[in-house]
> 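The structure under discussion is supplied below as structure tokens; questions concerning it will follow.
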Amino acid sequence: MTRLAQTEGLTDIQREILSTVRDFVDKEILPVATELEHRDEYPSQIVEGLKELGVFGLMIPEEYGGLGESLLTYALTVEEIARGWMSVSGIINTHFIVAYMLKQHGTQEQKDYFLPKMAAGEIRGAFSMSEPALGSDVSAISSKGVRDGDDYVLNGQKMWLTNGGSSTLVAVLCRTDEGHPEGTAPHKSMTTFLVEKEAGFGEVRPGLTIPGKIDKMGYKGVDTTELIMDGLRIPADRVLGGETGRGFYHMMDGVEIGRVNVAARGCGVAQRAFELGVSYAQQRHTFGKPIAQHQAIQFKLAEMATKVEAAHAMMVNAARKKDSGQRNDLEAGMAKYLASEYCKEVVEDAFRIHGGYGFSKEYEIERLYREAPMLLIGEGTAEIQKMIIGRRLLEEYRIQG
């Protein structure tokens, strides 16, 4: 074994893509990640490099200028990028969720217009479900779209929008009562709108404001914002799929991709934490020998490596299940839950191995220690994943008769 988290059964093209991305991470991301993160600076040069590598078009079909690769290839690419700096993988994640939703559910006109520009990285995607008064309770969304002639008028406030400032296309979930009688289940009266805007902050188009970045404990560099709609007019042909009332299903399909992505990010961060821990343990001496030779440290390294391997295996399984066309909400929920929890534990063990130096901003593990908690929340908390897993298990193991 040359390193942890190897994946069996990859094609030559997949291995070449991953090798190229890993080299890019080692040369262009790792040397600058901590400095940029401490300054909370958007990694413009890194993003341009990923554009040149074709990463923004990785899963977009070749007919639209993308590489047409699988979710597995994308997830393994994200794992490599998160190993370098998790924030960069976040920039890519929201872009791909929107591209995937367009590919799966968009009208032909929407695909023809958006996907080639997204593949080239000319249009950067973001998606928006959450609001200030709700978290995982999507049915409580209050933002609303009302039909007015050939347009819809959108009003409401959205929260936790990753890439809110840097994106130029946002998939926004709103309630639309048109055609849905009173008493209709909330998830059947939601619609996804494709909102084009200028990059930046402030009023980015009439009726749409992106306030400044939310100041966060970690996950810096990438901009996380609110989105405020006040009389925002959107043409009816920018309803995703051309049909109202399907937005909840569009978003949940995209979130499955997002959960695999978060699992991959957890794997990448855990992999890096293990690398830092095992390296430091061989350099640091106590009681006349490297601390790696102390049984207590060897036990930690053994546990960390096992968790890295287990999380990677579950993430790969979830991606392959989705690629096969099968339902994968159970596998995606398990992978996201396990990978995020194990990531937190592996990072903390690496932090402990570093001792007092782990608390210093001079050491990379300090950055990872602040980044890992976001994975416990992003794309649904552990409690939400357990609800999904539990319900699906009861479906599979329902007693007959």
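The model shown is predicted, which means the values in this text are computed figures rather than measured ones. Just so you know, these numbers use all the heavy atoms, side chains as well, and skip hydrogens, waters and symmetry mates.
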> Looking only at heavy atoms, which two atoms of Val170 and Leu227 are closest? And how far apart?
CG1-CD1, 4.1 Å
> May I have the step-by-step check of side-chain contact (heavy atoms from CB on, under 4.5 Å) for Thr34 and Glu362, ending in yes or no?
CA-CA 9 Å; Thr34 297; Glu362 293 181 28; over 6 Å; no
> Could you please spell out the steps behind the side-chain contact (heavy atoms from CB on, under 4.5 Å) verdict for Leu208 and Ile228?
CA-CA 6 Å; Leu208 179 63; Ile228 300 170; over 6 Å; no
> Is it the case that atom CG in Leu393 sees more than 12 heavy atoms from other parts of the structure closer than 6.0 Å?
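Yes, enclosed.
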> Classify the side-chain pair Thr176/Thr191 by whether it contains a donor and acceptor separated by less than 3.5 Å.
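Side chains of Thr176 and Thr191: pair found under 3.5 Å.
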> Does Asp23 CG have over 12 foreign heavy atoms under 6.0 Å away?
yes
> Leu375 and Gly266: which non-hydrogen atoms are nearest, and at how many Å?
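Shortest heavy-atom separation between Leu375 and Gly266 comes out as CD1-CA, 3.5 Å.
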> Do Gln14 side-chain atoms and Thr11 backbone N/O form a donor-acceptor pair below 3.5 Å?
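Such a contact is found between Gln14 side chain and Thr11 backbone.
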> Okay, side chain of Gln385, backbone of Gly380: is any donor-acceptor separation there less than 3.5 Å?
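Yes, because the side chain of Gln385 sits within donor-acceptor range (under 3.5 Å) of the backbone of Gly380.
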> Please determine whether the number of non-hydrogen atoms from other residues, nucleotides or ligands lying under 6.0 Å from atom NZ of Lys216 exceeds 12.
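Yes, the 6.0 Å shell around NZ holds more than 12 heavy atoms from other groups.
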> Spell out, as yes or no, whether a donor-acceptor pair under 3.5 Å connects the side chain of Arg205 to the backbone of Arg233.
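At least one qualifying donor-acceptor pair exists.
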> For the pair Asn155 (side chain) and Lys144 (backbone), establish whether a donor and an acceptor sit closer than 3.5 Å, ignoring hydrogens and angles.
no
> Between CZ of Phe248 and OG of Ser189, what distance do you get to the nearest 0.5 Å?
11.0 Å
> With sequence neighbours left out, what residues match His312 under ring-ring contact (aromatic ring centres under 6.0 Å, His included)?
none
> Quick one: do Asp26 and Arg83 make a salt bridge, cutoff under 4.0 Å?
yes
> Could you check whether any side-chain N or O of Glu309 sits under 3.5 Å from a backbone N or O of Ala5, counting only pairs where one atom can act as donor and the other as acceptor?
yes
> Check whether any side-chain heavy atom of Ile257 sits under 4.5 Å from a side-chain heavy atom of Lys322, and report yes or no.
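They are in side-chain contact.
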> Sequence neighbours excluded and cut-off under 3.5 Å, please list the side-chain donor-acceptor pairs for residues 52-67, or say none.
from, atom 1, to, atom 2, distance (Å)
Tyr64, OH, Gln108, NE2, 3.0

> Specify the closest pair of heavy atoms between Asn163 and Ile91, including all atoms of both residues, with the distance to one decimal.
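So the two residues come closest at ND2-O, 3.0 Å.
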> State whether Tyr342 and Lys344 meet the cation-pi test: NZ (Lys) or CZ (Arg) under 6.0 Å from the six-membered ring centroid, and within 45° of the perpendicular axis.
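No cation-pi geometry.
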> Measuring from atom CD1 of Ile377 to atom OH of Tyr219, what distance do you get when rounded to the nearest 0.5 angstrom?
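Reported to 0.5 Å precision, the distance equals 12.0 Å.
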> Is Arg259 positioned over the aromatic face of Tyr337, cation under 6.0 angstrom from the ring centre and no more than 45 degrees off axis?
no
> Checking the side chain of Asp323 only, and the main-chain atoms of Leu72 only, is there a donor and an acceptor separated by less than 3.5 Å?
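Looks like yes, one N/O pair under 3.5 Å.
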> Work out which heavy atom in Val269 is nearest to a heavy atom in Ala82; give both atom names and the distance.
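Minimum heavy-atom separation between Val269 and Ala82: CG2-O, 3.9 Å.
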> Determine whether a donor-acceptor pair (N or O, by modelled atom type, separation under 3.5 Å) exists between the side chain of Asp223 and the backbone of Gly165.
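A pair under 3.5 Å: yes.
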> Is it true that Thr224 and Lys213 share a donor-acceptor pair across their side chains at a distance under 3.5 Å?
no
> Please list, chain by chain and in numerical order, all residues satisfying side-chain hydrogen bond (donor to acceptor under 3.5 Å, both in side chains) with Arg15, sequence neighbours excluded.
Asp12
> Examine distances only and state if a side-chain atom of Asn328 and a backbone atom of Ala318 form a donor-acceptor pair shorter than 3.5 Å.
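Indeed, once roles are kept as given, a pair shorter than 3.5 Å links the two residues.
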> side-chain hydrogen bond (donor to acceptor under 3.5 Å, both in side chains) for Arg124 and Ser167? Distances and angles first, verdict last.
CA-CA 5 Å; Arg124 306 276 177 80; Ser167 61; over 6 Å; no
> Sequence neighbours excluded, which residues qualify as ring-ring contact (aromatic ring centres under 6.0 Å, His included) partners of Phe24?
none
> With a 4.5 Å limit on heavy-atom distance, are the side chains of Asp215 and Lys220 in contact?
yes
> In Å, rounded to the nearest 0.5 Å, how long is the span from CD of Glu383 to CG of Leu376?
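That separation rounds to 9.5 Å.
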> So that I can tick it off, tell me whether Glu256 and Arg327 are bridged by a salt bridge, with the cut-off set at under 4.0 angstrom between side-chain N and carboxylate O.
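Not counted as a salt bridge, because no side-chain N and carboxylate O are separated by less than 4.0 Å.
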> Before giving the answer on side-chain hydrogen bond (donor to acceptor under 3.5 Å, both in side chains), spell out for Glu131 and Ser143 the whole-Å C-alpha distance, their side-chain angles and the decisive distance to 0.1 Å.
CA-CA 8 Å; Glu131 296 182 358; Ser143 295; 2.8 Å; yes
> Can you tell me how far CG of Leu76 sits from CD of Gln6, rounded to the nearest 0.5 angstrom?
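Gln6 CD to Leu76 CG: 10.5 Å, rounded to 0.5 Å.
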> With a 4.0 Å cut-off on N to O distance, would you call Lys321 and Glu331 a salt bridge?
yes
> To the nearest 0.5 Å, what is the distance between CE on Met86 and CD on Glu371?
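One finds 5.0 Å between CE of Met86 and CD of Glu371.
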> Any side-chain heavy atom of Leu169 sitting closer than 4.5 Å to one from Lys117?
no
> Between the side chain of Gln298 and the main-chain N/O of Ala292, is any donor-acceptor distance below 3.5 Å?
yes
> Of all heavy-atom pairs between Ile214 and Glu226, which one has the smallest distance, and what is that distance?
CD1-N, 4.3 Å
> With side-chain hydrogen bond (donor to acceptor under 3.5 Å, both in side chains) as the criterion, how do Gln271 and Glu79 come out once you've worked through the C-alpha distance, each side chain's angles and the decisive distance to 0.1 Å?
CA-CA 9 Å; Gln271 170 75 29; Glu79 183 181 36; over 6 Å; no
> Between Arg272 and Glu275, does any side-chain N to carboxylate O distance fall below 4.0 Å?
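Yes, charged N to carboxylate O under 4.0 Å.
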> Classify the angle between the aromatic ring planes of Tyr363 and His354 as parallel (below 30°), tilted (30 to 60°) or perpendicular (above 60°).
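Perpendicular: the ring planes of Tyr363 and His354 meet at over 60°.
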> Could Arg39 and Glu35 be called an ion pair, given the rule that one side-chain N must be under 4.0 Å from one carboxylate O?
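Here Arg39 pairs with Glu35 in a salt bridge, since their nearest N and O are under 4.0 Å apart.
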> What residues, two or more places apart in sequence or in another chain, satisfy ring-ring contact (aromatic ring centres under 6.0 Å, His included) together with Phe299?
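Result, ring-ring contact (aromatic ring centres under 6.0 Å, His included) vs Phe299: none returned.
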> Atom CG in Leu18, atom OG1 in Thr73: separation rounded to 0.5 Å?
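It is 7.0 Å, given to the nearest 0.5 Å.
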> Under 4.0 Å between a Lys/Arg side-chain N and an Asp/Glu carboxylate O for Glu196 and Arg238?
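Judged by the 4.0 Å cut-off on N to carboxylate O distance, Glu196 and Arg238 do form a salt bridge.
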> Between Arg391 and Glu395, is there a side-chain N and carboxylate O pair less than 4.0 Å apart?
no
> Please set out all donor-acceptor pairs under 3.5 angstrom arising from side-chain atoms of residues 98-106, sequence neighbours excluded.
from, atom 1, to, atom 2, distance (Å)
Tyr100, OH, Asp253, OD1, 3.2
Tyr100, OH, Asp253, OD2, 3.4
His105, NE2, Asp253, OD2, 2.9

> What verdict does the side-chain hydrogen bond (donor to acceptor under 3.5 Å, both in side chains) test give for Ser44 and Glu48, after you've listed the backbone C-alpha separation in whole Å, the side-chain angles of each residue and the deciding distance to 0.1 Å?
CA-CA 6 Å; Ser44 300; Glu48 288 302 311; over 6 Å; no
> Cation-pi between Arg246 and Tyr249: NZ/CZ under 6.0 Å from ring centre and within 45° of the ring axis?
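Yes, a cation-pi geometry.
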> Tell me if the CD atom of Gln295 is crowded by more than 12 foreign heavy atoms within 6.0 Å.
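Not more than 12 within 6.0 Å, no.
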> Is the backbone of Gly277 close enough, under 3.5 Å, to the side chain of Lys300 for a donor and an acceptor to pair up by distance?
no
> Side-chain contact, heavy-atom cut-off 4.5 Å: Val47 with Tyr42?
yes
